[in-house]
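Okay, so here's the structure we're looking at.
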Amino acid sequence: MRNKIKKIAIIDYGMGNLFSVQHACQHNGLTAFLSSEKEQILNSDAIILPGVGAFGDAMTNLIKLDLIGPITDFIQMNKPLMGICLGMQLLFTESEEFGIHKGLNVLPGYIQKFQQPKLQEKKIKIPQIGWNKIIRPKNREWQNTPFSEIQDEEYMYFIHSLYAVPENNNSILSLTDYDGISYCSSILEKNIFAVQFHPEKSAKDGIQIIKNFAQTYNLS
Amino acid sequence: MGCIRIIPRIDIKGPNLVKGVHLEGLRVLGKPEEFARYYYENGADELIYMDVVASLYDRNSLHDIISRTAKEIFIPLTVGGGIRSTTDIKSVLRAGADKVSINTAAVKNPQLIKDAVKMFGSSTIIVSIEAIKQADGTYLAFMDNGREHTGLEVVKWAKKIEELGVGEIMITSVDNEGTGCGYDIELIKMITDEVSLSVVANGGPGQLKDIKEVVLKGNVNAVSIASMLHYNYLNLNKSIIESESEGNKEFLKSGNSFSKIQSATILEIKNYMTEYNINCRI
């Protein structure tokens, strides 16, 4: 009896380095394709919501392409979703990037800008561009999660000016420190896994996370 | 301060990696993808591909190199050289690049940069300043691989670039590039003192200490390195020289040493920086 090949839909809403994400999936032997078609999305076994750019523009595109329904319905079906960078931020309630914008509101919380610390003389550079450590919170285990083979304080590649502040602390899978600001760098809440960094740009450990995501949810 | 990024820079002419001095006098050193793969597997934090000929013809060859690289190398790739329009940016990004570096087109038409930032995101757009020191000690920005005047004083230009909303600036000392004399710290510091953008230093390191100096004194976030790394790779792979079929091979075969340029691996560089308490991803 042959197992059905699992399909991962990478949501194409015109923003983000979709091909990098696709290459990273394919490198792991996963079947991943780009899609903005409602039926294709609902029928896949998992979806990846990537994103590079501004929150407001992203929501505008998702609305224009009529993708909000398929994404939220997909999540309701309890099938796995992986959000990357802006894709993670869109899952929350709202963002303060260039004005207040409503998000998908799948996870309660808001998106906030990196603030310049008042007491420090030197300004912090915004956006954060580069490698930074993901830290396991003390109340959280990484076994049986997409971080299962990742070492605590492993480096991942970040490029962002805002970060998520989840209402539910228990959904935080990793924290990261940027010039004294500790923030949520990934979340795991049932079938929703989302990372602020770019696993498809985080070398071998990043690729491993995508592989682990697939294994955690039986996609390979 | 976050991790300093070590970024190998691979200059490309047609299908070959080349290396110049003062941004000209190119010599062929081998295949870009091979160098890229080696650096990726040995600790590179990002990669830069610069198309140093950047003519309107034969962009296909560059796009092919980008695509091949993007399929297997999972760190950020910046591509620069001859990017003139948002269409150029789009096609380079679709080929697999993550960021683009723009110089000449930014000087000629700053609105292009504004549009590009809006279309592709600030973190996707880097503006590159190629500086040449003048007789009176000021630094002026140049275009077209260090060949054409812009008349722009570098600090004023850097501040304007910051207003355009880009994610990063790359600063190249044309005078020091390829010489192994070190980065031009005076040039870099005058800019980093005035802008709060992320900065990549480019042009000139010959010794490990040059890299340490530009980080500690120049306040940069990343360093772009070519000769020191390429010569190390070549020393490891003398057989590559035998298999080449194009370009200036006598130079490679002569085994000329570059007395000012110490060959080094990325790991050696990072270990050295760590000794000076500079954060690196190891």
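Quick note on labels: first sequence line is chain A, next is B, and so on, each numbered from 1.
Residue B:Ile75 touches chain A through both its backbone and its side chain, counting heavy-atom pairs closer than 4.5 Å. For chain A, the nearby part of B:Phe120 is the backbone; its heavy atoms alone come within less than 4.5 Å. The parts of B:Asp45 that come within reach of chain A are both its backbone and its side chain, each placing non-hydrogen atoms under 4.5 angstrom from that chain. Only the side chain of B:Arg5 comes within less than 4.5 Å of a heavy atom in chain A; its backbone stays farther off.
Against chain B, the residues from residues 197-209 of chain A that qualify, each with a non-hydrogen atom under 4.5 angstrom away, are A:Glu200, A:Lys201, A:Ser202, A:Ala203, A:Lys204, A:Ile207 in number order. Taking 4.5 Å as the heavy-atom cut-off, the residues of residues 19-32 of chain A that approach chain B are A:Phe19, A:Ser20, A:His23, A:Ala24, A:His27, ordered by number.
Summarising the local packing, CZ of A:Arg136 is surrounded by more than 12 heavy atoms from other residues, nucleotides or ligands at distances under 6.0 Å. Sparse packing is recorded around NZ of A:Lys211, with 12 or fewer heavy atoms of other residues, nucleotides or ligands lying under 6.0 Å away. By the 6.0 Å contact criterion, CG on B:Asp193 is enclosed, its count of non-hydrogen atoms from other residues, nucleotides or ligands being greater than 12. For A:Gln151, the CD atom counts as loosely surrounded, since its 6.0 Å shell holds 12 or fewer non-hydrogen atoms of other residues, nucleotides or ligands. Dense packing is recorded around CD of B:Gln111, with more than 12 heavy atoms of other residues, nucleotides or ligands lying under 6.0 Å away. Remark: A:Lys6 NZ is packed, more than 12 non-hydrogen atoms of other residues, nucleotides or ligands lying under 6.0 Å away.
The minimum heavy-atom distance linking B:Asn221 with A:Lys125 is given by the pair OD1-NZ, 3.0 Å. B:Gly167 and A:Ile129 get closest at one heavy-atom pair: O-CD1, 3.6 Å.
Remark: B:Ser122 OG to A:Ile159 CD1 distance equals 7.5 Å, nearest 0.5 Å. Atom-to-atom distance recorded for A:Tyr157:OH and B:Asp98:CG is 8.0 Å, nearest 0.5 angstrom. For the atom pair SG of B:Cys3 and NZ of A:Lys133, the computed distance is 7.5 Å after rounding to the nearest 0.5 Å. The line from CG of B:Asn279 to OH of A:Tyr155 is 5.5 Å long, rounded to the nearest 0.5 Å. Annotation: the span from B:Ser196 atom OG to A:Ile124 atom CD1 amounts to 10.5 Å, rounded to 0.5 Å.
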